[in-house]
Amino acid sequence: IRDQFTADPSARVFGDRVYVFPSHDILATEGKGRKDWFCMEDYHVFSSANLTDWTDHGVIVQQNKVEWVKPDSYSMWAPDCIERNGKYYFYFPSIPKDTVTYKKGFTVGVAIADKPEGPYKTEPNPIKGVSGIDPNVFIDKDGQAYLYWSGGNIFVAKLKPNMIELDSEVKIIENLPAKALKEGPYMFER
């Protein structure tokens with residue numbers, strides 16, 4: 001991606017294409033973001049059939065069009081997307097409207113589409129019980145979906161079949177290095 005700054009992508013194969021869902025960093029300016037910090041107000045999705053030629057499908061989620069997101073937060077960090085039962089679930093972190101403290105304010109929301117390139121419709125509220133960034137979803141062989149995220153630790157919880165609510169207690173992934181930065185979880189089976 002050479003025409004915009006993208007970071008922290010998740011990549012998924014849907015059909016015969018690879019889809020990349022990155023964060024999108026823009027230059028902070030007066031009244032728009034925080035100087036010398038990340039400034040992310042939306043998400044694009046890109047796809048390729050050959051990993052060389054990429055199509056930008058445009059903006060799929062925008063902070064000022066998400067009901068629960070603080071409109072001046074510019075905090076749409078690392079996302080993920082997964083398919084289930086013919087629907088595409090896009091998970092993204094941001095800061096809710098009622099948050100005063102920037103550092104502790106992140107939560108995770110969901111937008112749903114019929115195609116990986118959208119259009120996506122955001123849920124009116126973030127996922128209850130999730131506080132953190134870097135969502136990642138894994139669906140196990142038995143069909144159970146899990147949401148992973150970070151926020152000082154790496155957390156995991158089962159998702160309900162609707163893919164927008166937790167279905168278990170939140171657990172901390174243990175036995176990780178104590179002093180290491182823990183973020184960007186990505187669960188996969190090898």
Side-chain angles (χ1 to χ4, degrees), residues 1-27 33 38-67 69 74-94 106-123 126-127 130 132-150 154 156-165 173 183-190:
I1 313 302
R2 297 178 188 266
D3 65 337
Q4 57 189 282
F5 184 78
T6 57
D8 302 325
S10 66
R12 300 286 186 170
V13 176
F14 299 132
D16 60 356
R17 297 185 73 80
V18 173
Y19 288 83
V20 174
F21 298 87
S23 55
H24 174 214
D25 210 347
I26 60 175
L27 185 63
F38 309 111
C39 186
M40 301 172 179
E41 67 180 345
D42 60 29
Y43 296 102
H44 288 238
V45 61
F46 303 86
S47 73
S48 176
N50 60 15
L51 299 180
T52 301
D53 302 306
W54 291 89
T55 300
D56 179 354
H57 297 281
V59 174
I60 58 170
V61 173
Q62 213 169 5
Q63 80 175 1
N64 292 331
K65 293 184 178 178
V66 180
E67 197 174 316
V69 170
Y74 298 95
S75 61
M76 304 193 99
W77 292 10
D80 192 17
C81 187
I82 199 160
E83 184 273 335
R84 177 150 223 177
N85 299 325
K87 297 282 186 188
Y88 296 85
Y89 296 85
F90 179 75
Y91 296 83
F92 61 95
S94 199
F106 279 88
T107 189
V108 172
V110 185
I112 304 169
D114 293 325
K115 299 183 294 187
E117 62 272 16
Y120 283 85
K121 183 177 185 320
T122 56
E123 289 296 302
I127 301 172
V130 176
I133 59 173
D134 303 340
N136 168 245
V137 177
F138 174 76
I139 300 176
D140 209 346
K141 287 178 184 172
D142 64 1
Q144 178 61 60
Y146 296 86
L147 177 66
Y148 293 82
W149 69 95
S150 60
I154 303 295
V156 63
K158 289 181 180 180
L159 283 169
K160 288 185 177 181
N162 67 14
M163 302 295 283
I164 60 172
E165 295 176 276
I173 303 294
E183 64 179 347
Y186 201 90
M187 179 67 158
F188 62 94
E189 184 174 1
R190 183 168 49 162

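Values reported hereafter were calculated over all heavy atoms of this structure, with side chains retained and with hydrogens, waters and symmetry mates removed.
Smallest separation of non-hydrogen atoms from Ala113 and Gly118: CB-CA, 3.9 Å. The two residues Glu83 and Ile139 come nearest to each other via the heavy atoms O-CD1, 3.8 Å. Here the closest heavy-atom approach between residue Pro22 and residue Phe46 is recorded as CG-CE1, 3.7 Å. Minimum interatomic distance between Pro135 and Pro93 (heavy atoms only, all atoms of both residues): CD-CD, 3.7 Å. In plain terms, the two heavy atoms of Ala78 and Asp134 that are nearest each other are CB-OD1, 3.3 Å. Pairing each heavy atom of Val108 with each of Gly132, the nearest pair is CG2-O, 4.0 Å.
Residues passing the side-chain hydrogen bond (donor to acceptor under 3.5 Å, both in side chains) test with Glu123, sequence neighbours excluded: none. Checked against salt bridge (Lys or Arg N to Asp or Glu O under 4.0 Å), Glu67 has no partners two or more places apart in sequence or in another chain. The side-chain hydrogen bond (donor to acceptor under 3.5 Å, both in side chains) test applied to Arg17 returns Ser47, not counting sequence neighbours. The salt bridge (Lys or Arg N to Asp or Glu O under 4.0 Å) check on Asp80 picks up Arg12, with sequence neighbours excluded. Partners of Asp114 under the side-chain hydrogen bond (donor to acceptor under 3.5 Å, both in side chains) rule, at least two apart in sequence or in another chain, are Lys87. With sequence neighbours left out, Ala157 forms a side-chain contact (heavy atoms from CB on, under 4.5 Å) with Trp149, Leu166, Ser168, Val170. The ring pair (Phe, Tyr, Trp, His ring centres under 6.0 Å) check on Phe21 picks up Phe90, with sequence neighbours excluded. When the salt bridge (Lys or Arg N to Asp or Glu O under 4.0 Å) test is applied to Lys121, no partner is found at least two apart in sequence or on another chain. Under the rule for a side-chain hydrogen bond (donor to acceptor under 3.5 Å, both in side chains), the partners of Asn50 that lie at least two apart in sequence or sit in another chain are Ser48, Asp53. Every residue was checked against the salt bridge (Lys or Arg N to Asp or Glu O under 4.0 Å) condition with Lys65, not counting sequence neighbours, and none meets it. Among residues two or more places apart in sequence or in another chain, the ring pair (Phe, Tyr, Trp, His ring centres under 6.0 Å) test is passed with Phe14 by Tyr19, Tyr88. Here Phe138 pairs with nothing under the ring pair (Phe, Tyr, Trp, His ring centres under 6.0 Å) rule; sequence neighbours left out.
To the nearest 0.5 Å, the span separating CZ on Phe38 from CE on Met76 amounts to 15.5 Å. Asn136 contributes atom CG, which lies 9.0 Å from atom CE of Met187 (distance to the nearest 0.5 angstrom). Rounded to the nearest 0.5 angstrom, Phe106 CZ and Ser75 OG are separated by 4.5 Å. Between the CG atom of Leu147 and the CD1 atom of Ile127 there is a distance of 5.0 Å, given to the nearest 0.5 Å. The structure places CZ of Arg84 at 10.0 Å from CG of Asn162, a figure rounded to the nearest 0.5 Å. Separation of atoms OH (Tyr43) and SG (Cys81) is listed at 12.0 Å; rounding is to 0.5 Å.
Between the Asp142 side chain and the Gln144 main chain, a donor and an acceptor come within less than 3.5 Å of each other. For the pair Asp25 (side chain) and Cys39 (backbone), a donor-acceptor distance under 3.5 Å is present. Asp42 places no side-chain N or O within 3.5 Å of a backbone atom of Gln62 that could act as its donor or acceptor partner. With Thr107 contributing its side chain and Val130 its backbone, the two residues share a donor-acceptor pair below 3.5 Å.
Contact check for Ile1 versus His44: no side-chain heavy atoms found under the 4.5 Å cut-off. Side chains of Val137 and Met163 form a contact here, defined as non-hydrogen atoms less than 4.5 Å apart.
Relative orientation of the Tyr148 and Tyr146 rings is tilted, given thresholds of 30° and 60° on the angle between their planes.
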